[in-house]
Structures are given as C-alpha cells and as structure tokens.
Visitor: 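Here it is, the structure, as structure tokens.
By convention in this document, chain letters (A, B, ...) are assigned in the order of the sequence lines, proteins followed by strands, and residues within each chain are numbered from 1. In this text the structure is predicted, and so the values were computed from the model without any measurement.
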Amino acid sequence: MADYRYDPHEIEPRWQQVWEDEQTWVVPEDGPTDRDAYVLEMLPYPSGEPHVGHLKNYTIGDAVAHFRRRTGHRVLHPMGYDSFGLPAENHAIKTGQHPRESTDAAIASFQEQFRRWGVSIDWTRELSTCTPEYYRWTQWIFLKLYEAGLAYRKEAAVNWDPVDETVLANEQVIDGRGERSGALVEIRQLTQWFFRITDYAEQLLDDLETIEWPSHVKTMQRNWIGRSRGAEVQFRCEELDTSYTVFTTRPDTLFGATFFVMAPEHPDVAELAKGTPQEQAVADYVRQAMVGDTKERGDDAREKTGVFTGRHVVNPVNGELLPIYVADYVLMDYGTGAIMAVPAHDDRDFAFATKYELPIKQVIAGEGGPSQPVELPYLSDGPLMNSSPEFDGTPNREALDAIVDWLDRDGKGKATVNYRLRDWLVSRQRYWGCPIPIIHCPSCGMVPVPEADLPVVLPDVTDYKPKGKSPLAAATDWVHTSCPSCGGAAERETDTMDTFVDSSWYFLRYTDAQNTEAAWDKKIVDRWMPVDQYIGGVEHAILHLLYARFFTKALADMGLLTAREPFANLFTQGMITKDGAKMSKSKGNVVSPRVMVERFGADTLRTYVLFMGPPEQDADWSDEGVEGMSRFISRLWRTSAEAAGELPAEALPAEPNADGLRILRKAHWAIDKVTADIGGRFSFNTAIAAVMELLNELSAAKRGEAEPGVVRFALSTANSLLYPFAPHATTDGYALLNDGARLWEQLWPEAEARYLVADEIELVCQVMGKVRGRVTAPADADNATLEELARNEPNVAAHLDGKQVVKVIVVPGKLVNFVVR
RNA sequence: GCGGGCGUGGUGGAAUGGUAGACACGCCGGCCUUAGGAGCCGGUGCCCUCACAGGCGUGGAGGUUCGAGUCCUCUCGCCCGCACCA
C-alpha cells in the first residue's frame, strides 16, 4: 500500500496558486443579480502582523463566503486596511520613521498572512484608507456633509486627551479616560469640527428594528442614543428678566420643586451671580469644579457639593420662588445643563437638599394616601397631593401629560424628547489622518476646497510631535494657499479627521473600488448594499457601527444610495484568550498565527478556531486542541487519498447493502446538519463535529461491507462539507476522489429526504419518566405497536409488574412512557 | 442602581419540553512498531456492583408537566454594557 502522508505545506500553496492564477475569487461581472451576497468582515487596522482574533474574524467570513458561493450566490468578499491612525503616528514620534513606512510594512504582512490563510478575497477591490485614491473620496464626503449642513464648526466644551494631545469624541472617552491613551481626559473650550449625528438620533434608534443584529448590540446603541420622553419647562428669573429652560422626565412633580440647579459649565452662571454677595463664592466653586477630573465627577457615590448663586427663579406652575444653586452633580452635556430640583421624589436632589437644609415638599402620595407619611425620597407612583386643586388626587402618570398640556397652552413649556447622543466631534490635532478640505480666508471665511482640487494631499512633515495643534500647521508651504473664492491669500485647515470617518463608508467603496470619477456609482452600490453579513468584534458595538449607520443614512438622504442601513445582519465574534486572559505582549501569552500556520498549515488553524466553541463566545486557546484538529484534517485527507488510490472507481450503487445504506444515511444526515449549521445559525463547531462523525463512520473498522461507490461518495461529501473551513485539504481530497473535479465549482450538496428517515428507530421505553429500556422498532410503526413493544421489553415489564398503568404517552419515532400507580 | 448574558464530566463544549454529556481535548488499556509527541482499536460523569439491576447528576431552592439542562418564581455566583442622564 502506498504511503499517504498529509502535507499541508505542499497542498496549500499549490491550490492557492491555482486560485490566484485563475482569479477565482474576483466577483464575476455578469450573472443574475438576484443571487448577490455581500459578505464583509470589519477591515483591520494594520499594525505588526495579524493576531488570532483576525484569524477568527476572517475565517468566519470566509466560511460564509464559500458557503454562499457554493449555494449559487455571486459573492462580494473584499479586503482593505484602516490605515490612518495614532499607533503608526506615535511610532513615528518615537523613531522618526514616516507613518506611511510602518503602515506599508504592516499592510504587506497582513496581505501575506491573508494569502497564506487562503482567505477567498477579491483583491482587485483592495483599498487602504491612507492613500490619496481613497481619502480623496473621504474628503468629498466631508464636503457633501458640509453642503448639507451636517458638518459644522463650533466652540464647545470638548474632551482633551493630554497624552495624545488631541480632542476626542464622546464615544472615545471611557470612564473619563481616553480610549487609546488611557489618560484622564480634560474638558477644554475649543473650536472644533462636528458631524450633526444628533439629527439622525431618532432614525438611528427606530431603524434598529429593521436590522438583524445581536440584541445586546442593539441595546448598547439604544443606551448610547439615550432617548427619553419628557418636557422642557421655562423658569423665569424676575430679578434679571431672564429665562432658563430645564429638561425633565417628571413634569408631574413640578409642584414639588423647591430649588433650581445649574451645571458649573452653564454659560449663564457667572452672569447670574454677578453683583450678588455670592459672586465670589460662585466663581470659586466653578473654578474648582472645572479642574476636577471627569471620572470622579461622574461618581454618584460622591458627596454632592454646590453653592447658592444669590438669585431665584419662579416656578411656572405655582409662582413660588426657587433659589438657584450651582452644583456639579448637574451635567452640562445632558439636557439643558439646568434642572428643577424635586427633593421629595429624586434621590439626588434629596441628598443635596438634606445637606444644604433646603425645603422638601412631597407632592405624590404613597399607598396609604396623602395623610400617611412615606419614607422620602419617594420614587414610586401615586396620586398627586400638595399640587393644585385641579390635579390633586390624579394618578401622577396621568397628571404628567395634563400638566405638560397646561404648560404648553401658557407657553411655559412643551413635551420634548431628549437624547443623550451628542454631535460627533471629528477634528483631531494630529498628523496621520485625512486632511479636512477647508480653506480659511480672511475675507471669505471658511471656503470648501473645490471638488476638482481634491484630494488635499497630506504633506510630509519632519516633526510629528503634537504641540496642542496639528503638526500640519508646521508645513507652512502647504498651509499657505489661495482662497478658491476670492483668490487672496488664505490658509488651509490643519486639523485632520477622526479615523472613524475613514471606516464609516469603506463598505460603499468596495462595491465600485476602481472608480476614478466618483466615490461610487449609484447603480452599482445599490446592487450590493446593504451588506448581507457583517462580521466583527463587539468592541465596535457603539463607535464604528453607529457612525457607519449615520453615514449611510446621511448619504442616502443626499440620494447617493438607496440603502438606509449599511449592515442587514451583524455577527459579533468572541475573543480568543490564552490561559484565561486577553493576549498581550506584556503578559507573554500571545499565540502567533504565523507560527501556527507554519507548523500545522492554514486548514488546521482555520478549522480549529471555529471548532473551539460557539463563535460568538470567548474561547481559550489550547495547543492540544490544535493538534487534535491537525489529526482530524490529516485523517480526512489520508482516508480520501487512500480510498482514491485503493478503491475501485465505482458509481453509487442503486441498491446499497446494509453497511452502504448506513454510511449513506450518515452522509445525508451530515449534509442536512452542516447546511443548517452554517446557513442558518453560524454553529460552526457542531457543523465540524458532524463531519467528524461522518468520518468516524467511515473508519476502516466501521466500513464493513459498504460498496466502494458509497465510500467514495461519503468521503467526497465529507470533503465537500468541510470545504468552507478547510478549503485546501478538502479541495485536494475531493479532486483525488473525483478525477480532478474542482470542489469550489461544485454546487453545495443537498440531502436526499429518503436517506434522512431511517426504517428502524431505537425506541426509548420509560416508566414514570425514567428510562428502563430500549428496543428497535420499525420507523413506521403505529402507536399501539410501539406501546406493545415497550410493554414487552423485559426490564420495562419488571417495572410495570404489580402496578396499574394509568396513562401511556407515545411520542412516535421517539419514546413510550408509562405512567403507573 | 438599571439593562443584557452565562453557570452542564478533569477540560472546551452538544442537546425543536422527549435517551443529558454529540464531537473533541485529556486520561486509561490494547494492537502495531527498533522507537513514538506517528497510526489503528477500545474504554472513560459520579456512587454501588463480578455482572445484571439500581441510585445520584446540568450553581442552589421551589413550581408547571407523564416527562425539565430547556418553561415559570425565588436565590447565589461570574461576565459584559450603561450609570449623578434630571
């Protein structure tokens, strides 16, 4: 017998060469458009070389892409690089190496690994966001947003990262620290560029209903958008003849307001206190509040502080005078930065009132009615009291709308919806990003760069170190330009864009990647969008996914595409850990896919990462597990090669013998299971297990008298089913078994119904719900026969002896259960 | 505090309300081999037993059901998200 040795290092490059030579994964230009499928994994940020998380991500996507192709779809499966960003720039600051050089090196390493993994990518659509060919269109989109009034510049209190020396979007501040640097973020008053994502708050929320995403991701987006229904109410300050708006979700408690609070950052605070004895105290408090870090500020366990401003406002519902305090438990960036305080029914206001000995007025009665004392603060519902004759006794939830209506009629307030979502701060005072295509002219003001002049090319600089303003400011030749409007001397905007802008539209560019005349052609983008299946990590649940949705909606409103959601289906994969911990260089627990592939081959690695467990779950890396997978792939190939070499090439017999039939049934069972597991629910681990079962059934000991034609068919099926995970070994095995036939061109197998039903079943016999025996029974036996068979099973009979059978449950094809007394 | 998820053998994990532990790792035994970190065959939840037969078992306590890992109530533990959001 010949020596059949599985050698992935010979097999894998050989087939990769065929696919590359034939451009197998390039999307065919012609073909039916109703079977298109756009399968996309989040594009990587190229740094160093890819890690096992990338391997998992692209293996999932590749399995889906292969499956869709073989089920008759024309599949778009592209790749690109999110190549602008801080890590490359920080590396440049340290070493002086241009970020482009380190980025290009990383990209080369990613390309090399993706090819080595055998990921089926249409490389003709490859893109890199840091190239002028790409960012030209990023700038074009910026101008479109500017024209539409969705990009604007304003002065605002913004998050400043003192380590990276740049501003950050709200989404990039986690627990008061910069997402990248981990530095405590400071609040600074700066003029910055924003995208008006808040215009889309409602749609971003509502349209979550239209997409198939994991519910926890939807929940996170809902929380982030933070919609709350309530009312805006005007409070007048008679002394200054001014008026302040508050947002409240509890207008039903308006009668219980006993004081009024403003955030220290509120622009009117200084003016309010001016000329009162409190002026100095307020100024001191505000200054001290501003230097405190935002993390500590956000701690609700911290004792509340504040000072009286010396002024009062009038409660619009009853004319009572309420003292105005300034206190840092009120946040400027939520609502209006001012609140009415109802200590009896809000625990925060209660804590503040108690500390500063402010009056507390109960306006909602507890269960015992108005005369019964309740523990304050009372946060539950109940009828109104101490309010007005009109509302007293009304359940507070009903009174809520009535009070808003009443205020609205008097012009003192109105029902509103408030969102937690803030506009997206997009300018960055950093070098390695997309230049903002705006020119500042002393006479014309802000002038957009004309489309014909795009791209505004990022100039080279010698010093990448941020100095509180963009390093681009030092490129004086580049900065000084002429105004496109009046032709006079003018200066370029030196801030660059947040790199999340780059990745908010790349999925559109893939559809028409080589278009030099436009970002994309609407007809083409509409053919592919939305992405049918998007795959990536949960860490992007808010940032990238929210921004991409916003871009899609804004661009759709401009008529540039039809889809209103970018990603129809989202799959979020779990992390791969090592020894229970996140992999990191400092812990020294990094698993290198490159090293693993060099040792075991790509097929083993790919199949292993999907066999580790449900792909959405975190999973711990096991070196023994990889070896086990290596044994399986090797056994599959070896068995195939042996059968191809030793078994006569016979066709499937029309009437297989008993062993043949058993194997044939197992094969069709596997087809059915793998198809459902990949196509229906992303249960790759059980799909792989099903192929293992099929192969186990085909092991020499179990093969028995099965006909060679059956064995060849079953082995071909095993290869065919495992192909989406291990494309090289299975393609090779299939070709050996089938006279060189190309597996990637074969239609996905279909399970034949006649082999899915057995003619005999194992009948489980229970007495009182406990299994007492098993008998084989004809699959088509009727209930009475099944009951009789079960009753005669010796052990069942023993358990029925001397008992009275009161009920018999028969589940056809499964079990019989006797209920006895 | 609010919202979501998860608790199953030594390990990763399987189980449309119907045989708990598929498949794999690990371990044990055997075959083959000069050799094995190769290959092949078999065993492997726990207790009791020569064996048969039994008993126990899906974090814990109840409940619904002929039957519960699965559904309901309470509870404990871990993980994630949000959080002074008015």
Visitor: Below 3.5 Å between N/O atoms, which protein atoms pair up with nucleotides 34-40 of chain B? Just atom names and distances, please.
Guide:
from  : atom 1 : to       : atom 2 : distance (Å)
B/G37 : N2     : A/Arg599 : NH2    : 3.2

Visitor: Please determine if a side-chain N or O atom of A/Arg420 lies less than 4.0 Å away from the OP1 or OP2 oxygen of B/A83.
Guide: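 So the side-chain polar atoms of A/Arg420 do come within 4.0 Å of the phosphate oxygens OP1 or OP2 of B/A83, strictly under.
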Visitor: Look at A/Arg599 together with A/Glu627 and state whether they make a salt bridge at an N to O cut-off of under 4.0 Å.
Guide: yes
Visitor: Any chance you could measure A/Leu254, atom CG, to A/Thr248, atom OG1, to the nearest 0.5 Å?
Guide: 6.5 Å
Visitor: Is there side-chain contact between A/Asp328 and A/Thr305, with heavy atoms separated by less than 4.5 Å?
Guide: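 Contact flag for A/Asp328/A/Thr305 side chains = yes.
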Visitor: Using a cut-off of 4.0 Å on non-hydrogen atoms, how would the nucleic acid contact of A/Asn696 be classed: base, sugar-phosphate, or nothing?
Guide: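 The answer is sugar-phosphate, as A/Asn696 gets under 4.0 Å only of primed atoms, P, OP1 or OP2.
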Visitor: Atom CZ of A/Phe725 and atom P of B/C23: how far apart are they, to the nearest Å?
Guide: 18 Å
Visitor: Check every strand shown and say whether A/Gly335 touches a base, only sugar-phosphate, or nothing at a heavy-atom separation below 4.0 Å.
Guide: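 No contact.
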Visitor: Using the C1' atom in both, what is the distance from B/G69 to B/U65, to the nearest Å?
Guide: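 It comes out at 16 Å once rounded to the nearest Å.
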Visitor: For the residue pair A/Tyr244 and A/His266, categorise the inter-ring angle as parallel (less than 30°), tilted (30 to 60°) or perpendicular (more than 60°).
Guide: perpendicular
Visitor: For nucleotides 8-12 of chain B, which of its nitrogen or oxygen atoms have a protein nitrogen or oxygen under 3.5 Å away, and what is each distance?
Guide:
from  : atom 1 : to       : atom 2 : distance (Å)
B/G12 : O2'    : A/Met612 : O      : 2.6

Visitor: How are the rings of A/Tyr329 and A/Phe352 set relative to one another: parallel (under 30°), tilted (30 to 60°) or perpendicular (over 60°)?
Guide: tilted
Visitor: Please report the distance separating the C1' of B/U8 from the corresponding atom of B/C46, rounded so that it comes out in whole Å.
Guide: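 To the nearest whole Å, 14 Å.
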Visitor: For A/Lys770 and for A/Thr249, locate the closest nucleotide of RNA chain B by heavy-atom distance; then report the residue assigned to the nucleotide nearer the 5' terminus.
Guide: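 Whichever sits nearer the 5' end wins; that is A/Lys770.
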Visitor: Using the C1' atom in both, what is the distance from B/C6 to B/G18, to the nearest Å?
Guide: 25 Å
Visitor: Without decimals, in angstroms, what is the distance between A/Leu698 CG and B/C23 P?
Guide: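 It is 15 Å, rounded to the nearest whole Å.
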Visitor: Would you check if A/Ser622 and A/Tyr608 make a side-chain contact, meaning some heavy-atom pair closer than 4.5 Å?
Guide: yes
Visitor: Give me the distance, rounded to whole Å, that separates B/G26 from B/G81 when you measure between the P atoms they each carry.
Guide: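 Looking at atom P only, B/G26 and B/G81 are 34 Å apart.
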Visitor: Look at the side chain of A/Gln766 against the base of B/U19 and say whether a donor-acceptor pair falls under 3.5 Å; ignore hydrogens and angles.
Guide: no
Visitor: Verify the neighbour count for atom NZ of A/Lys582: are there more than 12 heavy atoms of other residues, nucleotides or ligands below 6.0 Å?
Guide: no
Visitor: Would you call the rings of A/Tyr6 and A/Trp637 parallel, tilted or perpendicular if under 30° counts as parallel and over 60° as perpendicular?
Guide: tilted
Visitor: Round to a whole Å and report the spacing from CG of A/Leu722 to P of B/A24.
Guide: 13 Å
Visitor: Side-chain contact test, heavy atoms from C-beta onward, threshold under 4.5 Å: evaluate it for A/Asp659 versus A/Arg703 and give yes or no.
Guide: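 SC-SC contact between A/Asp659 and A/Arg703 ruled out.
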Visitor: Rounded to whole angstrom units, what separation is found between the CG atom of A/Leu546 and the C1' atom of B/C82?
Guide: 15 Å
Visitor: Between atom CD in A/Glu265 and atom P in B/A86, what is the gap in whole Å?
Guide: 18 Å
Visitor: Taking the C1' atom in each of B/C78 and B/C71, what is the distance between them to the nearest angstrom?
Guide: 24 Å
Visitor: Parallel under 30°, tilted from 30 to 60°, perpendicular over 60°: which one fits the rings of A/Phe247 and A/Tyr334?
Guide: perpendicular
Visitor: Please evaluate residues A/Ser228 and A/Asn418 with respect to the criterion side chain to side chain donor-acceptor pair (under 3.5 Å), reporting the C-alpha separation (whole Å), side-chain torsions for both, the decisive distance (0.1 Å), and the verdict.
Guide: CA-CA 5 Å; A/Ser228 42; A/Asn418 189 59; 4.7 Å; no
Visitor: Can you measure from OH (A/Tyr325) to OG1 (A/Thr309) and round to the nearest 0.5 angstrom?
Guide: 9.0 Å
Visitor: Between B/C23 and B/C74, how far apart are the two C1' atoms, rounded to whole Å?
Guide: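 Comparing C1' positions in B/C23 and B/C74 gives a spacing of 36 Å.
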Visitor: Specify the separation, in whole Å, of atom CG of A/Asp333 and atom C1' of B/A86.
Guide: 13 Å
Visitor: Please report, rounded to the nearest Å, how far the P atom of B/G18 is from the CG atom of A/Asn783.
Guide: 17 Å
Visitor: I need the residues from residues 685-695 of chain A with at least one non-hydrogen atom less than 4.0 Å from RNA chain B; give them sorted by number, or say none.
Guide: A/Asn685, A/Thr686, A/Ala689, A/Met692, A/Glu693
Visitor: Quick one: classify the glycosidic conformation of B/G9 as syn or anti, with syn meaning within 90° of 0.
Guide: syn
Visitor: Say whether, by atom type as modelled, one donor and one acceptor occur between the side chain of A/Asp579 and the main chain of A/Ala581 under 3.5 angstrom.
Guide: no
Visitor: Do A/Val233 and A/Met340 touch side chain to side chain, with heavy atoms closer than 4.5 Å?
Guide: no
Visitor: What integer number of Å spans the C1' atoms of B/G59 and B/C79?
Guide: 15 Å
Visitor: Count the heavy atoms of every other residue, nucleotide or ligand shown that sit under 6.0 Å from CZ of A/Arg821, and state whether that count exceeds 12.
Guide: no
Visitor: Tell me the interatomic distance from A/Lys814, atom NZ, to B/C66, atom C1', rounded to whole angstroms.
Guide: 16 Å
Visitor: Between A/Arg791 and A/Val805, is there a side-chain heavy-atom distance shorter than 4.5 Å?
Guide: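 Yes, side chains in contact.
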Visitor: By nearest heavy atom, map A/Arg250 and A/Leu815 onto RNA chain B; which one lands nearer the 5' end?
Guide: A/Leu815
Visitor: Categorize A/Arg227 for me: base, sugar-phosphate, or nothing, with a 4.0 angstrom heavy-atom threshold over every strand shown.
Guide: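 Counting heavy atoms under 4.0 Å across all strands, no contact is made by A/Arg227.
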Visitor: Using atom P of each nucleotide, how far apart are B/C2 and B/U75 to the nearest Å?
Guide: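 Here B/C2 and B/U75 have their P atoms 12 Å from each other.
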Visitor: Check whether any side-chain N or O of A/Arg422 sits under 3.5 Å from a backbone N or O of A/Ala169 as a donor-acceptor pair, and report yes or no.
Guide: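 Flag not set: sc A/Arg422 to bb A/Ala169 has no pair under 3.5 Å.
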Visitor: Could you list by number each residue of residues 218-225 of chain A showing a heavy-atom separation from RNA chain B of less than 4.0 Å, or answer none if no residue does?
Guide: A/Thr219, A/Met220
Visitor: Using a heavy-atom cut-off of under 4.0 Å over every strand shown, decide if A/Asn817 touches base, sugar-phosphate, or nothing.
Guide: base
Visitor: Assess whether a salt bridge exists between A/Glu693 and A/Lys666, defined as any Lys/Arg side-chain N lying under 4.0 Å from an Asp/Glu carboxylate O.
Guide: yes
Visitor: For RNA chain B, please output the secondary structure as dot-bracket, reading 5' to 3'. Pairs are Watson-Crick or G-U wobble, both atom distances under 3.5 Å; mark crossing pairs with [ ], other-strand partners with |, unpaired with a dot.
Guide: (((((((..(((.....[....)))((((((.......))))))(((......)))..(((((..]....))))))))))))....
Visitor: Among B/A15, B/G4, B/G18, find the nucleotide with the atom closest to the side chain of A/Ile809.
Guide: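 Selected nucleotide: B/G18.
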Visitor: Pull out every protein N or O sitting under 3.5 Å from an N or O of nucleotides 50-53 of chain B, one pair per line with the distance.
Guide:
from  : atom 1 : to       : atom 2 : distance (Å)
B/A53 : O3'    : A/Asn795 : OD1    : 3.4

Visitor: Between A/Thr785 and A/Asp782, do the side chains contain a donor N or O and an acceptor N or O under 3.5 Å apart?
Guide: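 A/Asp782 vs A/Thr785: donor-acceptor pair found between side chains.
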Visitor: Do you see a donor-acceptor pair shorter than 3.5 Å between the side chains of A/Arg774 and A/Asn795?
Guide: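 Side chains of A/Arg774 and A/Asn795: no pair found under 3.5 Å.
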Visitor: Between A/Ile197 and A/Leu204, is any pair of side-chain heavy atoms under 4.5 Å apart?
Guide: yes
